[in-house]
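In what follows, a single structure is set out as structure tokens and then discussed.
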Amino acid sequence: MARLGAFCFPGTGHINPMTALARRLVQRGHSVVIFGIADTEERVRAAGIEFHRIGEKDYPLGTLRALDERLGTLKGLATFKFTVERVKNTARMILRDGPDAVRKTGVEALLVDEADMGGSVAEYLGLPFVSIAMFPPLTEDDRIPPFCFPWGVGRGPFSKLRNRLGMRLLYHVAQPIFALLNAQRKAWGLAPLKRSTEMLSKVAQIAQLPEVLEFEVNPRQPRLHYAGPFVDAGQRPVVEFPWDKLDGRPLVYASLGTLQNGSEAIFRTIAEACAGLDAQLVISLGGGLDPARLGTLVGDPLVVRYAPQLEIVKRAAAVITHAGLNTVLESLAEGVPLVMLPLGNDQPGVAARVAAKHAGIIVSRQRLKTTKLRTAVRAVLEEPRYRAAAGALKEAIARVDGLAVAADVIENALQISASQRQPGVEAVVNRTTA
């Protein structure tokens, strides 16, 4: 049994999988505390996981919503630059508050989101840590493009050169983060970091991405472990939904996630594209917009602020998504083909992997027109090859318990063992929230 701490980027697409992993480790008898800002505390504690607040002056309650609303208005490179600035500010907070938080909570090892800078805190304190990738993992393999580019895998010299140049561009854009990080590392007496991959754990890197969805290259990096979806339905908050309004037609579920969901134009285009199809469209706004603001949309789709996504995708015939990894994995775990509208960050790389497996169609934001989107939606609904490919991925994903794989790797890498008695999470909820 071990006492573990976790640093996690404060976004739903990171908090949900990290709390799912924490719950699985708690079930194995370990204790886990997640370090985070005020806006993430309620969600973490509701999942039954211990929480330690940091960054109270930098991130008072309500800050996260304002940042997410700003992100929702951006696209392309502007999205990535804004994310870099956001990661830099989060890094400043973690490097300042992290060491004291870790000391106060008495953790023995750390789990560090790859979008986070907690690895340097671990190194400074002399603690082992494991890197957790909530997006396609950072690698030094020049056959695989950096996660934020929409390229496929390539083995030829041109593809490898393009990937190396892409990584250099990625590092250049992220330079403000490295400048901040290396200034603190110098103050701590640690060697500077020159590449993103140098931030990663030297003992284990765990990717939520299933190996079946990764580009096909061999050999793999030895410390990189592909797991599978970090999903625990018990951690999700209850979401009210008008189930009685589903009319029995094939269901098309559309969601742009909880971050980049502020574009009225995209939601209107989705509605127009699905109007006239023999399907019922359900749009989840992810909290980014008020349904009343959209008014009556073409085709009269069912529009809700939030949807119980795990339950909805079980009924869906197709999913329209921004290609965030969590929505993609939750859809493919049910064998549902995708139409992907990547908006930025890791989404182009996730979409490229799905398209390479023939389980979905990419429609770029630059080419987003009603007719083009309608053609893509009709194709995944009517052409059997897309559902067959998604079904094959469903079977492969189902054969691997991603949370079990991750927990095994963590225990082996950190040389810790599970308790013989594995209490249920409900018992831990009572202890940590009492």
Side-chain angles (χ1 to χ4, degrees), residues 3-26 30-69 71 83 85-122 124-125 127 129-135 177 180-181 184 199 206 208 230 232 235-237 257-259 287 324 326 406 410 425 428-429 431-433:
R3 171 79 167 152
L4 305 174
F7 285 102
C8 181
F9 186 74
T12 301
H14 295 252
I15 292 293
N16 277 349
M18 184 64 87
T19 52
L21 178 56
R23 283 169 63 91
R24 179 60 62 91
L25 290 165
V26 168
H30 306 294
S31 66
V32 182
V33 55
I34 292 180
F35 306 102
I37 63 175
D39 285 313
T40 63
E41 182 168 359
E42 182 179 0
R43 181 178 288 270
V44 173
R45 290 194 182 278
I49 302 302
E50 184 181 346
F51 184 89
H52 186 93
R53 187 182 296 186
I54 57 176
E56 294 196 49
K57 293 182 179 179
D58 309 73
Y59 293 92
L61 200 63
T63 303
L64 195 57
R65 181 173 181 81
L67 291 171
D68 290 348
E69 288 175 351
L71 181 63
T83 301
E85 184 66 20
R86 185 167 166 178
V87 171
K88 185 185 78 171
N89 292 335
T90 303
R92 181 183 294 111
M93 169 195 69
I94 290 171
L95 295 171
R96 184 194 65 222
D97 296 354
D100 283 345
V102 171
R103 291 188 188 104
K104 286 179 181 178
T105 52
V107 303
E108 307 162 56
L110 292 173
L111 310 178
V112 179
D113 186 341
E114 286 191 11
D116 205 286
M117 301 299 122
S120 288
V121 173
Y124 170 59
L125 296 176
L127 296 177
F129 74 99
V130 173
S131 297
I132 311 293
M134 307 304 184
F135 43 67
I177 300 173
L180 172 73
L181 179 61
Q184 184 60 65
M199 297 188 300
I206 302 171
Q208 184 187 193
F230 294 171
D232 183 339
Q235 80 181 86
R236 300 291 179 91
T258 57
L259 294 181
N326 289 291
I410 289 167
V425 170
V428 177
V429 171
R431 292 204 306 272
T432 58
T433 60

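By convention here, the first residue in the shown sequence is residue 1.
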Are side-chain heavy atoms of Met18 and Ile49 found at a separation under 4.5 Å? no
How many angstroms lie between atom NE2 of His14 and atom CG of Asp116, to the nearest 0.5 angstrom? 9.5 Å
Leu110 to Ala6 - nearest heavy-atom pair and separation: CD2-N, 4.5 Å
Only one of Ile206, Asp232, Ile410 passes side-chain contact (heavy atoms from CB on, under 4.5 Å) with Leu21, and that residue is Ile410
Distance (rounded to the nearest 0.5 Å) between Asn326 CG and Ile15 CD1: 11.5 Å
Minimum heavy-atom distance Met134-Phe230, with the two atoms named: SD-CD1, 4.5 Å
Indicate yes or no for a side-chain donor-acceptor contact from Asp113 to the backbone of Phe7 under 3.5 Å, with no hydrogens or angles considered. no
Walk me through it: do Glu50 and Val44 pass the test side-chain contact (heavy atoms from CB on, under 4.5 Å)? CA-CA 7 Å; Glu50 184 181 346; Val44 173; over 6 Å; no
To the nearest 0.5 Å, what is the distance between CE on Met93 and CZ on Phe35? 11.5 Å
Note, Val130 side chain near Val112 side chain (heavy atom, < 4.5 Å): no
What's the shortest heavy-atom distance between Ser120 and Leu95, and which atoms? CB-CD2, 4.2 Å
With no hydrogens and no angle check, is any side-chain donor or acceptor of Asp97 less than 3.5 Å from a backbone partner on Gly55? yes
Output yes when a side-chain donor or acceptor of Arg45 lies under 3.5 Å from a complementary backbone atom of Phe51, and no otherwise. yes
Pair Leu4, Val107 - check side-chain contact (heavy atoms from CB on, under 4.5 Å), show working. CA-CA 5 Å; Leu4 305 174; Val107 303; 5.9 Å; no
Measure the spacing between CG of Leu127 and CD of Glu108 and express it to the nearest 0.5 Å. 9.0 Å
Take Asp58 and Arg92 through the salt bridge (charged side-chain N to carboxylate O under 4.0 Å, His left out) test and state the conclusion after the steps. CA-CA 10 Å; Asp58 309 73; Arg92 181 183 294 111; over 6 Å; no
Mind checking whether Arg103 and Leu125 have side chains closer than 4.5 Å, heavy atoms only? yes
If every non-hydrogen atom of Ala47 is compared with every non-hydrogen atom of Arg23, which pair is closest and at what distance? O-NH1, 2.7 Å
About how many Å separate CG of Asp100 and CD1 of Ile54, when rounded to the nearest 0.5 Å? 11.0 Å
Drop me the distance from Ser131's OG to Glu114's CD, to the nearest 0.5 angstrom. 5.5 Å
What one should report as the nearest heavy-atom pair of Val87 and Ala115 is CG1-O, 3.8 Å
Do Arg3 and Val32 have side-chain heavy atoms sitting under 4.5 Å apart? no
Do Phe129 and Val121 have side chains that get closer than 4.5 Å, going by heavy atoms? no
At their closest point, which heavy atom of His52 faces which heavy atom of Thr105, and how far apart are they? ND1-CG2, 3.5 Å
